[in-house]
Amino acid sequence: MQSNHRAPSSALQDIVARHYDFGAELPESFELVDNLLSETAFIRILLKGDWAALMPDGSWQNSGPVLLFGTNSRPLKVRCRGSFEVIGIAIRPAGWPTLFDKPAHHYTDRMLALGEVWGVDADRLLQAVQAASGDIDRIIVAVEAILQERVAARPQIRPDPQILAFEHIARYDSTRKVAEVCAEIGIAQHALERHCRATFGMTPKRVLRRSRFLDMASVMRGLFTPDDEVLAELRYSDQSHLNKEFREFIGMTPGQFMQTPTPLLTAGLELRNGWRYRDPAAELLAGN
């Protein structure tokens, strides 16, 4: 499998986490089933391949070539058949309200056709990507033009500095207590709860728990090598706690995770570890 990712333009750096191109040449009879556990919502444009998500009733749902994946509070099982190529846009939680009308929690743990949410803009996105003929630089320019149109249509809505600060803390300091984080960024806990449901699609506590799990999963996959102090902070209190978190967020024990290939989840971890947010928490505190 091959994956390439690019930073967004400066105009969209607080709205888009990353653009990426992900694909693999596989036998047409090949079927890949894996779990996704994403910190951000994604728009995925399928240039090649047959993707489906497992529904609560046990059926597989295929929603077309332009998909919206909400952020994941639990593992989302997906299936891909044959070769595939995907153009992806990772939406930062703080940027969600600039692009979407409904709060993020409406789409948590869901995969659906982007057209159900964006209407004709989803078709325009597919056409723009197809017209770029595989040139990733042209694709990003075309995609960002449509995103900036949607942002410009909602001039009164901009990424919240406190949510940008919480993004950074959740990503790089996931063992913090919610009350401590609220005091640092200057927001009441009930307000952070409300804003997180609207932008992250879940509670602040679950955001931090998920980030800590993803950090540990990255360590176990050899994608992240923390120093001893950071590793000590990431470790769970006991084996029972560790098992509970792994079952919650990936549906298996740590031992099973070590022995089970997870190509889609691992690609997501690689993407996660490949970008760094600027530190708006420091900027926010400096302005106080």
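What you see is a predicted model; the values in this text were computed from it and never measured.
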Margin query: Do Arg206 and Thr108 pair up side chain to side chain, a donor and an acceptor below 3.5 Å, judged on atom types alone?
Written below: no
Note to self: Which label fits Phe246 and Phe213: parallel for a plane angle under 30°, tilted from 30 to 60°, or perpendicular past 60°?
What the structure shows: perpendicular
Checklist line | Minimum side-chain heavy-atom gap Asn62-Arg81 below 4.5 Å | finding: no
Next item on the list: Give the minimum heavy-atom separation between Trp96 and Ala41, together with the two atoms involved.
Entry: CZ3-CB, 3.6 Å
Next item on the list: Give the minimum heavy-atom separation between Gly251 and Pro75, together with the two atoms involved.
Entry: N-CG, 4.4 Å
Checklist line | Side-chain (Gln162) to main-chain (Gly186) donor-acceptor, under 3.5 angstrom | finding: yes
Next item on the list: Quickly, which of Leu67, Asp123, Leu125 forms a side-chain contact (heavy atoms from CB on, under 4.5 Å) with Leu114? Name it, please.
Entry: Leu125
Notebook entry, point to check: Would a 4.5 Å heavy-atom cut-off, applied to side chains only, mark His19 and Pro8 as touching?
Noted result: yes
Next item on the list: To the nearest 0.5 angstrom, please state how far the CZ atom of Arg92 sits from the OG1 atom of Thr98.
Entry: 11.0 Å
Notebook entry, point to check: Looking at CE of Met252 and OG1 of Thr260, how far apart are the two atoms once the value is rounded to the nearest 0.5 Å?
Noted result: 4.5 Å
Margin query: Distance to the ring centre below 6.0 angstrom and angle to the axis at most 45 degrees; does that hold for Arg209 and Phe249?
Written below: no
Next item on the list: Verify the cluster assignment for Leu147 and Val129: are they in a single hydrophobic cluster under the rule of side-chain heavy atoms below 4.5 Å apart?
Entry: yes
Check: Counting distance only, does the side-chain N/O of Ser218 pair as donor-acceptor with the main-chain N or O of Leu214 below 3.5 Å?
Finding: yes
Check: Can you name the nearest heavy-atom pair linking Ile15 to Pro159, along with the distance?
Finding: CG1-CG, 3.9 Å
Item checked: Pro254 side chain reached by Asn243 side chain, heavy atoms, under 4.5 Å -> yes
Notebook entry, point to check: Please walk me through it: do Phe30 and Phe84 pass ring-ring contact (aromatic ring centres under 6.0 Å, His included)?
Noted result: CA-CA 11 Å; Phe30 184 83; Phe84 65 90; 9.2 Å; no
Next item on the list: Take Arg154 and Asp101 through the side chain to side chain contact (heavy atoms under 4.5 Å, CB included) test and state the conclusion after the steps.
Entry: CA-CA 10 Å; Arg154 303 159 68 86; Asp101 294 325; 2.4 Å; yes
Checklist line | Single-linkage hydrophobic cluster, 4.5 Å side-chain cutoff, Ile169 and Leu192 together | finding: yes
Check: Just wondering, do Val86 and Trp51 contact through their side chains at under 4.5 Å, heavy atoms?
Finding: yes
Notebook entry, point to check: Looking at Asn35, Leu32, Leu37, which one forms a side-chain contact (heavy atoms from CB on, under 4.5 Å) with Leu264?
Noted result: Leu32
Next item on the list: May I ask you to say whether Glu245 pairs ionically with Arg212, meaning some side-chain N is under 4.0 Å from a carboxylate O?
Entry: no
Check: What distance separates Asn72 CG from Met111 CE, expressed to the nearest 0.5 Å?
Finding: 12.0 Å
Notebook entry, point to check: Hey, is the main chain of Ser9 close enough, under 3.5 Å, to the side chain of Glu144 for a donor-acceptor pair?
Noted result: yes
Notebook entry, point to check: Are any of the side-chain nitrogens in Asp215 or Arg272 under 4.0 Å away from the carboxylate oxygens of its partner?
Noted result: yes
Margin query: With clusters defined by side-chain heavy atoms of hydrophobic residues (ILVMFWY) lying less than 4.5 Å apart, directly or transitively, does Ile87 cluster with Val16?
Written below: yes
Item checked: Worked verdict on Ser83 versus Glu28 for side chain to side chain contact (heavy atoms under 4.5 Å, CB included) -> CA-CA 6 Å; Ser83 300; Glu28 292 308 304; 3.7 Å; yes
Margin query: Salt bridge or not between Lys48 and Glu25? Use side-chain N to carboxylate O under 4.0 Å.
Written below: yes
Note to self: I'd like to check Asp34 versus Pro263 (side-chain heavy atoms, cut-off strictly below 4.5 Å). Are they in contact?
What the structure shows: yes
Next item on the list: Check the hydrophobic clustering (I, L, V, M, F, W, Y; side-chain heavy atoms under 4.5 Å; chains of links allowed) and say if Ile140 and Ile91 are grouped together.
Entry: yes
Item checked: Any side-chain donor near an acceptor of the partner, Arg221 and Thr262, under 3.5 Å -> yes
Notebook entry, point to check: Linking Ile, Leu, Val, Met, Phe, Trp and Tyr through side-chain heavy atoms less than 4.5 Å apart, which residues share a cluster with Leu54?
Noted result: Val33, Trp60
Note to self: Using side-chain heavy atoms (C-beta onward) and a distance below 4.5 Å, is Leu271 in contact with Phe42?
What the structure shows: yes
Notebook entry, point to check: Would you call the rings of Phe22 and Tyr20 parallel, tilted or perpendicular, where under 30° means parallel and over 60° means perpendicular?
Noted result: tilted
Next item on the list: Grab the two heavy atoms, one from Cys196 and one from Pro204, that are nearest each other, plus how far apart they are.
Entry: SG-CG, 3.7 Å
Next item on the list: Kindly give the heavy-atom pair with the smallest separation between Gly201 and Ala104, and that separation in Å.
Entry: N-CB, 3.7 Å
Note to self: How about CZ on Arg197, more than 12 heavy atoms from neighbouring residues, nucleotides or ligands closer than 6.0 Å, or not?
What the structure shows: no
Note to self: Is the positively charged end of Arg110 above the ring of Tyr107, judged by distance under 6.0 angstrom from the centroid and angle within 45° of the axis?
What the structure shows: no
Note to self: Give me each pair satisfying side-chain hydrogen bond (donor to acceptor under 3.5 Å, both in side chains) with a member in residues 128-142, each pair once, sequence neighbours excluded.
What the structure shows: Arg6-Asp137
Notebook entry, point to check: Does a side-chain heavy-atom distance below 4.5 Å link Leu112 with Leu68?
Noted result: yes
Item checked: side-chain hydrogen bond (donor to acceptor under 3.5 Å, both in side chains) partners for Thr199, two or more places apart -> none
Note to self: Quick test of your reading: applying salt bridge (charged side-chain N to carboxylate O under 4.0 Å, His left out), list the pairs with at least one residue in residues 67-77, sequence neighbours left out, ordered by first then second residue.
What the structure shows: Arg74-Asp109
Check: Stepwise, does the side chain to side chain contact (heavy atoms under 4.5 Å, CB included) test hold for Leu99 with Trp118?
Finding: CA-CA 9 Å; Leu99 296 171; Trp118 275 13; 4.1 Å; yes
Item checked: Linked, directly or transitively: Leu46 and Ile89 (ILVMFWY side chains, under 4.5 Å) -> no
Next item on the list: Start with the C-alpha gap between Phe257 and Leu265, add the side-chain angles, then the distance that decides, and say whether side chain to side chain contact (heavy atoms under 4.5 Å, CB included) holds.
Entry: CA-CA 11 Å; Phe257 178 72; Leu265 176 67; 3.8 Å; yes
Check: Rounded to the nearest 0.5 Å, how far apart are CZ of Arg18 and OG1 of Thr40?
Finding: 12.0 Å
Check: Roughly how far, to the nearest 0.5 Å, is the CG atom of Asp160 from the CD1 atom of Ile185?
Finding: 8.5 Å
Margin query: Side chains of Arg158 and Val151, heavy atoms from C-beta outward: is any pair under 4.5 Å?
Written below: yes
Item checked: Nearest-0.5 Å distance, CG of residue Leu126 to CG of residue Asp121 -> 12.5 Å
Check: Does anything in residues 174-209 pair up under ring pair (Phe, Tyr, Trp, His ring centres under 6.0 Å), and if so which pairs, sequence neighbours excluded?
Finding: Phe166-Phe200
Checklist line | Partner set under side-chain hydrogen bond (donor to acceptor under 3.5 Å, both in side chains) for Arg79, not counting sequence neighbours | finding: none
